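Structure first, commentary second.
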Amino acid sequence: MEKVRTRFAPSPTGFMHIGNLRTCLYAYLYAKKRGGTFVLRIEDTDQERYVEGAVDVIYNTLEKAGINHDEGPDKDGGYGPYIQSERKSLYLDYAKELVDKGGAYYCFCSKERLDGLKDGNGVAKYDKHCLSLSKAEVEKRLAAGEQYVIRQNVPTSGVSEYEDMVFGHIAVPNEDMEDNILIKSDGMPTYNFANVVDDHLMAINYVIRGVEYLSSTPKYNLMYDSFGWERPRYMHLSPIMKDAQRKLSKRYGDANFEDFLDKGYLPKAIVNYIALLGWSPKGNEEKLTMEQLIEQFDVDGISKSPSIFDEAKMRWLNGEYIKQMSVDEFVEVAKPFFEKSKVKDKYDYKALAKLLIPRVEILSEIPEKVDFLEEFGKYDTAMFEHKKMKITKELAYGNLLAIRQDFESEDDWRDENLKQRGMALAEKLGCKSGQIFLPLRLALTGAATTPGGATEMAELLGKKESMARLDFSIELLKNEL
RNA sequence: GGCUCCAUGGUCAAGCGGUCAAGACAUCGCCCUUUCACGGCGGUAACUCGGGUUCGAUUCCCGAUGGAGUCACCA
């Protein structure tokens with residue numbers, strides 16, 4: 001059986017966009033699913049867009065995402081170099097070979113002449129002007145050191161076709177394709193060309209990339225044909241959208257892997273979620289590990305239409321991953337967020353973690369959930385009115401006074417003990433326990449939703465602080481009655 | 001605009017001629033509970049429109065509409 005080889009070929013232009021990461025993921029999943037090889041290649045032929053350090057971002061992202069490439073700049077598999085700028089010398093020779101085979105030709109046209117070709121809309125299609133140059137003429141101008149580019153020679157009639165693995169049959173009229181530049185005047189190859197040469201040389205037989213290449217793929221195939229190389233199979237992927245009209249992109253922010261990490265998303269959850277954006281597993285289970293993704297990945301499940309990125313769902317998934325964490329694991333990933341909060345160094349993170357795990361979906365919620373421990377003051381007492389529990393401000397006030405008196409002598413301030421005590425008090429007063437605990441929780445925190453029940457909050461705060469807050473709240477209520 | 005594609009709830013999506021059209025997120029309600037959560041149960045909500053083909057179309061074909069991509073010495 002043919003050995004599958006796929007690749008991810010990013011340009012080092014900055015952070016890793018979530019859409020790129022998904023393309024990468026699918027290429028990885030497909031290779032692994034078929035027992036093949038996944039190759040990382042850096043496409044840095046455009047020197048102008050190169051960003052310092054961007055290659056490290058790529059390595060870093062793949063590692064965090066759990067995508068392990070089998071070959072790449074740092075893992076030689078015998079098909080290197082894996083960085084295009086280091087392969088520079090290769091391309092010109094192949095371009096010349098293509099010229100000899102009739103698949104390309106030299107072009108000496110000036111920018112001015114090219115501009116003159118543009119129509120009213122500024123759209124130009126090259127007119128194959130230099131294709132008619134005689135071989136002798138070309139030699140002469142080359143020898144004279146004239147600046148040139150090499151263009152692909154696309155047939156002017158007929159139709160180019162191929163079978164895409166997700167979109168099916170694709171047919172493009174040759175006359176709609178242009179003679180694109182293969183070798184730029186600086187001697188560097190364009191993406192189109194470097195891609196074909198490298199994919200062939202690296203024995204990539206499954207090309208997985210964004211739909212933006214769907215309709216230009218026939219041009220790639222034409223090159224493979226001219227060279228006499230075997231065409232790869234193609235799998236094109238629809239884009240991830242921000243909404244129905246706009247593509248999810250850096251321009252709108254929050255589209256990078258790093259951004260989500262900063263917001264407190266777990267790499268596993270991000271990967272799991274984007275795997276589901278544009279692909280659906282056969283079964284109903286959506287929370288899947290990388291192993292399960294590999295196991296279940298299937299071209300059949302890939303969707304042809306663009307999908308809108310839904311952060312709410314990723315958030316839910318993230319919460320699911322957090323819920324299954326141990327206290328230690330949680331403290332480890334949550335630490336930076338604790339440090340950003342007001343409780344920094346003042347509380348036992350483990351104790352907080354226990355309460356937070358079932359209540360937090362993304363880590364950046366931590367400060368807002370925990371700041372009340374250090375921040376307490378005047379709040380809206382309307383919260384004490386609770387219809388369903390039959391609690392009014394008057395009742396709350398009365399119960400709070402009773403609680404204060406009853407708890408005063410208690411020195412065991414642990415959650416369990418306080419809970420018992422509260423229950424006993426409720427019985428003594430002949431009221432529902434909720435009528436004790438709800439007012440107490442509010443009096444202690446001043447917040448409608450808290451990361452735990454009344455007595456858990458009390459334990460965290462300690463007796464001294466708890467009593468002080470009780471007094472404060474009692475006073476606050478008293479003034480309003 | 002030309003060309004290439006795409007079209008099921010608010011979102012992700014199953015479906016591949018006959019289904020009361022799955023499931024998940026979101027949303028709403030109920031239950032559990034000792035208050036916040038977790039959890040459990042249930043509800044609302046979709047085949048873009050018009051022609052065909054067929055005994056029968058969400059499903060196949062054509063058209064319209066809407067959307068995406070592409071038309072660089074960027075990838």
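Here the structure is a predicted model, which means the values were calculated and not measured. So that the names make sense, note that chain A is the first sequence line, chain B the second, and so on, each numbered from 1.
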| Below 6.0 angstrom between ring centroids: does that apply to A:Tyr224 and A:Tyr162? | no

| said: Just checking A:Phe297 against A:Tyr26, ring centres under 6.0 Å apart? | reply: yes

In [range], which residues come under 4.0 Å of RNA chain B by heavy atom?
| range | value |
| --- | --- |
| residues 145-158 of chain A | A:Val149 |
| residues 350-366 of chain A | A:Pro358, A:Arg359 |
| residues 271-283 of chain A | A:Leu276, A:Leu277, A:Gly278, A:Ser280 |

| field | Under-4.0 Å side-chain N/O to phosphate OP1/OP2 contact, A:Lys184 with B:C73 | value | no

Is there a Watson-Crick or G-U wobble partner for [N] with both distances under 3.5 Å, and if so, which one is it?
| N | result |
| --- | --- |
| B:C47 | none |
| B:U4 | B:A68 |
| B:G39 | B:C31 |
| B:A24 | B:U11 |
| B:A75 | none |

| task | Would you mind telling me which of B:C25, B:A7, B:U35 lies closest to the side-chain atoms of A:Ala454? | result | B:U35

| query | Rounded to the nearest 0.5 Å, how far does CZ of A:Phe8 lie from CG of A:Leu62? | reply | 6.5 Å

| said: Does A:Arg141 qualify as a cation-pi partner of A:Tyr106, given the criterion of NZ or CZ under 6.0 Å from the six-membered ring centre and within 45 degrees of its axis? | reply: no

| query | For A:Tyr220, is the NZ or CZ atom of A:Arg209 found under 6.0 angstrom from the centre of its six-membered ring and inside 45 degrees of the ring axis? | reply | yes

| field | Distance, P atom - from B:A21 to B:C62, rounded to whole angstrom | value | 28 Å

| query | If the C1' atom of B:G2 is compared with that of B:G9, how far apart are they to the nearest Å? | reply | 35 Å

| note | Between A:Tyr213 and A:Arg22, whichever has its closest RNA chain B nucleotide further toward 5' is A:Arg22

